[in-house]
Amino acid sequence: MEQWSREKRYRKYEETTNEEMALLRTKVNHSPFPQTYHIQPPTGLLNDPNGLIYFNGLYYIAHQWFPLGAVHGLKYWRLLTSKNLVQFEDRGVILRPDQALDSHGVYSGSAFSFNQSLYYMYTGNHRDDEWNRHSSQIVAKVLPDGTVRKILPPAIPAPPKGYTQHFRDPKVFEKDGKWYALIGAQRENQTGCAVLYEAEHPEGQWQFKGEIQTQLEDFGYMWECPDYFQIHGRDILLFCPQGIESQGDAYQNIYQSGYIMGTLNFDTLVFEHGPFVELDHGFDFYAPQTMTDEAGRRVLIGWMGLPDTEYPTDDEGWAHCLTLPRTLTIEDGKLKQKPHMNLRKLRKNEEVALGYANKFIKQLHPYEGVQYELVVDILENDASAFELQLRASRDEFTTIRYQSKTRQISLERFDSGALPYPVEGTMRVTQLDTDLKQLRIFVDTSSIEIFCNEGERVLTSRIFPKTTSNKFKVVTDSGQIYLKMTKYDIVEGE
Ligand code: FRU
């Protein structure tokens, strides 16, 4: 493992030499795990998606970026733009730590449009001489030439009384003619929450309005990356609580991402809501954010990684990627997450087959691949349980297993190849609401995203198999299943 002193971690990208970056790029280019249709950093570490917006005919997708290596160092925002949400153009750094207030990182935030201009609000992270953290929320305006002007003094110079400096990730939105900023916070009693600020217009005065009053009074020590939106008149608060103990199959990852749904009263800030629901049941998913697409659909993108975890590519000079865009809907009162329809634009070479599978393991042709989309329709199921083995070879495979009676679906990556560390266990399990009828699986060089039953559940994970582990196998415990398999190669990249 490469050693990262504090000095090295907080070195500026601007201070690097071309030779140094070329060397790092060469190292990254030797990685056997480059993603092809997911957004990944050219070098260094990517984390949260930031500033997502559809503006003037273009999608803007930025992310947290430390360019110099696979550690959480000095954070910048790197921007990509897209006409269709699935093919991207790299626009490089859009926000850099060039002020005292953000000297230790341009942390996460959101985008909004106001008076035909594009704006961001982000967290300025500053450490003083004693290494104490200071958080401020800063508005920045994108000028016609594409450069960004930070508006100082900051919109929110410090946390209000009663909250610690763990105060970040503003999500700005407009509602009923008012502007709001929702911020992830920690109370002085070390519990997490989300607070709301209000402004007449985003370049004006931001007033502390109060805390969102949920029934989750004592739910983790910090809530990161909050988001708020409405679907079909239901209010949804999305956030990432840290410090939740695992309970059975739930909350297995180091930190959680999920939502509560109900009715939020913007006068009293009282939120009547149902239980906290996890957004994803895989190993690597965090800090999701949403925007509306060109047709007004709510789209979610997450970070396919977790904090405080080492990944197999770290020594190759890069880490992490973003998830594919998902469309959120509410059907029968439940939130569903489906792959965004534009992902169909990436499909090449359709292969379709119908067939039975039984307890004799069967390798299916031509379902080999490393980058593809696979739709498995389960037309009949008399099996007590069945397994799909993806990215398989003699010594590696990633298993999706379904138990018919309990409707449990699991993802096992014990034999997938190299693994992140430390991670609790090698299996993730979730119980479906209805019998499994369909799986839509997106496989890239080092990831798998599994959508069950038209968005009922999603399991997102990094996997690090060899590229020669490209086979697909199916087997039941007993009984048989009748499947329709549709596979598309995906050959388009960033
Ligand atoms: C979440 C997070 C945010 C913060 C950013 C820093 O992963 O910790 O709360 O703004 O990452 O990179």
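Every number for a ligand or one of its atoms is a count from 1 in the order of the listing.
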Classify the ring geometry between Y122 and W77 as parallel (under 30°), tilted (30 to 60°) or perpendicular (over 60°).
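Perpendicular: the ring planes of Y122 and W77 meet at over 60°.
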Which of the numbered atoms in ligand 1 are below 4.0 angstrom from a heavy atom of [X]?
{"X": "Y286", "answer": "1 (C), 7 (O)"}
{"X": "R168", "answer": "3 (C), 4 (C), 9 (O), 10 (O)"}
{"X": "N47", "answer": "5 (C), 6 (C), 7 (O), 11 (O), 12 (O)"}
{"X": "S108", "answer": "5 (C), 10 (O)"}
{"X": "K75", "answer": "12 (O)"}

Checking ring-ring contact (aromatic ring centres under 6.0 Å, His included) between Y228 and each of Y259, F173, F239, which is the one that passes?
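The residue from Y259, F173, F239 that satisfies ring-ring contact (aromatic ring centres under 6.0 Å, His included) with Y228 turns out to be F173.
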Please determine whether a side-chain nitrogen of the Lys or Arg among [X] and [Y] lies less than 4.0 Å from a carboxylate oxygen of the Asp or Glu.
{"X": "D90", "Y": "R78", "value": "yes"}
{"X": "R428", "Y": "E278", "value": "no"}
{"X": "K75", "Y": "D48", "value": "no"}

Among all protein heavy atoms, pick the one closest to [atom] and tell me residue, atom and distance.
{"atom": "atom 10 (O) of ligand 1", "answer": "D169 OD1, 2.5 Å"}
{"atom": "atom 1 (C) of ligand 1", "answer": "D48 OD2, 3.0 Å"}
{"atom": "atom 8 (O) of ligand 1", "answer": "E224 OE2, 2.8 Å"}
{"atom": "atom 12 (O) of ligand 1", "answer": "Q64 OE1, 2.7 Å"}

Tell me which one of L46, V28, L322, N47 satisfies side-chain contact (heavy atoms from CB on, under 4.5 Å) with P41.
L46
Under 4.0 angstrom from ligand 1, any heavy atom of W303?
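A heavy atom of W303 does come that close to ligand 1.
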Is there a donor-acceptor pair closer than 3.5 Å between any side-chain N or O of S82 and the backbone N or O of Y59?
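No, the answer is negative, given that no donor and acceptor are paired below the 3.5 Å cut-off.
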